[in-house]
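Since the structure comes first, as structure tokens, the remarks are kept for the end.
By convention in this document, chain letters (A, B, ...) are assigned in the order of the sequence lines, proteins followed by strands, and residues within each chain are numbered from 1.
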Amino acid sequence: MLHAGGLVLPRAFYRRPVTEVAVDLLGQHLCHGDVVLRVTEVEAYGGLEDSASHCRFGRTARNEPMWQAGGVAYVFLCYGVHHPLNIVTGPEEEGAAILIRACEPVAGLEPIRARRGGKLEGPSLLNGPGKVAQALGVDLSFNAHRLYEPGGLELREGPRPGAILRGPRVGVPYAHPDHQLAPLRFAIADCAWVSHRDSLCVTTSAIHR
DNA sequence: AACACGATGGACT
DNA sequence: GTCCATCGTGTTA
């Protein structure tokens with residue numbers, strides 16, 4: 001297996017507050033077969049009283065993986081077409097996860113392009129949650145998959161990013177205004193492989209750790 | 001049992 | 001900028 005990076009991230013990495021993990025997820029490598037993607041943009045969901053989260057109605061059949069202990073995938077059907085990939089965080093019963101919104105290719109550009117339709121190039125290949133999942137070959141069968149176990153879909157250590165941008169989450173107009181505005185989207189600054197760059201601002205390092 | 005709607009993306013004006 | 005495919009989920013009755 002091609003891994004283009006460090007060790008598989010251990011369970012303890014995921015079992016922390018969702019915003020901490022979200023920031024630390026930037027730069028890490030999602031690996032599946034020959035495809036390696038560097039995470040460039042994420043969104044945090046869940047935690048306490050988040051009306052944008054799929055956990056807002058409590059435990060249901062769909063969101064069950066979100067209530068598991070951190071380190072598993074949460075994949076859902078979006079608009080009947082897409083299968084966005086989330087990474088569950090925190091302890092059991094927390095109901096929190098991080099949506100992978102965009103990535104940068106590290107390896108496997110050919111299979112990525114083939115899965116994405118053949119003729120695309122540049123950021124439009126991977127700047128959106130549905131695009132990332134499609135490029136990785138992730139579908140509903142990966143729901144609740146353990147990312148800390150080598151083999152299959154896994155998350156490995158990648159190079160740490162420099163400056164980080166943050167801003168409101170995308171596509172949650174149904175949420176409470178406070179939750180729409182909450183700066184829970186994070187991205188690597190000076191990176192072209194990001195979606196909706198306009199609504200992001202530079203952060204101080206004080207927001208994490 | 002019926003219904004409204006979505007953590008999007010691609011095509012098109 | 002606009003429009004809409006597509007289907008499972010959660011809500012309501």
Strictly by side chain to side chain donor-acceptor pair (under 3.5 Å), give each pair with a member in residues 77-97 of chain A just once, sequence neighbours left out.
A:Arg59-A:Glu93
When you list every nucleotide of DNA chain B with an atom under 4.0 Å from a heavy atom of chain A, which one comes first 5' to 3', and which comes last?
B:dG6 to B:dG10
Using a heavy-atom distance cut-off of less than 4.0 Å, which residues of residues 84-105 of chain A contact DNA chain C?
none
If you link I, L, V, M, F, W and Y whenever their side-chain heavy atoms are under 4.5 Å apart, who else ends up in the same group as A:Val8?
none
Stem ranges of DNA chain B by first residue number, counting only runs of at least 3 Watson-Crick or G-U pairs under 3.5 Å, come to B:1-6 with C:7-12, B:8-12 with C:1-5
If hydrophobic residues (ILVMFWY) are linked whenever their side-chain heavy atoms come closer than 4.5 Å, directly or via other members, who joins A:Tyr174 in its cluster?
A:Tyr45, A:Leu99, A:Val172
Do A:Ile98 and A:Val170 sit in the same hydrophobic cluster, where Ile, Leu, Val, Met, Phe, Trp and Tyr count as joined when their side-chain heavy atoms come under 4.5 Å apart?
no
Those residues of residues 122-133 of chain A lying under 4.0 Å from DNA chain B by at least one heavy atom
A:Gly128, A:Pro129, A:Gly130, A:Lys131
For a quick check of understanding: with a heavy-atom distance under 4.0 Å over all strands, which category does A:Arg116 fall into, base, sugar-phosphate or nothing?
sugar-phosphate
Looking at A:Glu154 and A:Arg156, is any side-chain nitrogen of the basic one under 4.0 Å from a carboxylate oxygen of the acidic one?
yes
Only pairs at least two apart or in different chains count here, so list each salt bridge (charged side-chain N to carboxylate O under 4.0 Å, His left out) that has a residue in residues 44-58 of chain A.
A:Asp50-A:Arg169
Contact residues, residues 54-65 of chain A to DNA chain C [heavy atom, < 4.0 Å]:
A:Phe57, A:Thr60, A:Arg62
Other than A:Met66, which residues form its hydrophobic cluster under the rule that side-chain heavy atoms must be closer than 4.5 Å?
A:Val72, A:Tyr74, A:Phe76, A:Val88
Between protein and nucleic acid, restricted to nucleotides 4-6 of chain C and to nitrogen or oxygen atoms under 3.5 Å apart, what atom pairs and distances do you find?
residue: C:dT6; atom: O2; partner: A:Tyr79; partner atom: O; Å: 2.4

Looking at A:Phe13, is A:Arg16 sitting on its ring face, NZ or CZ under 6.0 Å from the six-membered ring centre and within 45 degrees of the normal?
yes
If a pair satisfies side chain to side chain donor-acceptor pair (under 3.5 Å) and one of its residues is in residues 108-128 of chain A, list it, with sequence neighbours excluded.
A:Arg116-A:Gln134, A:Asn127-A:Lys131
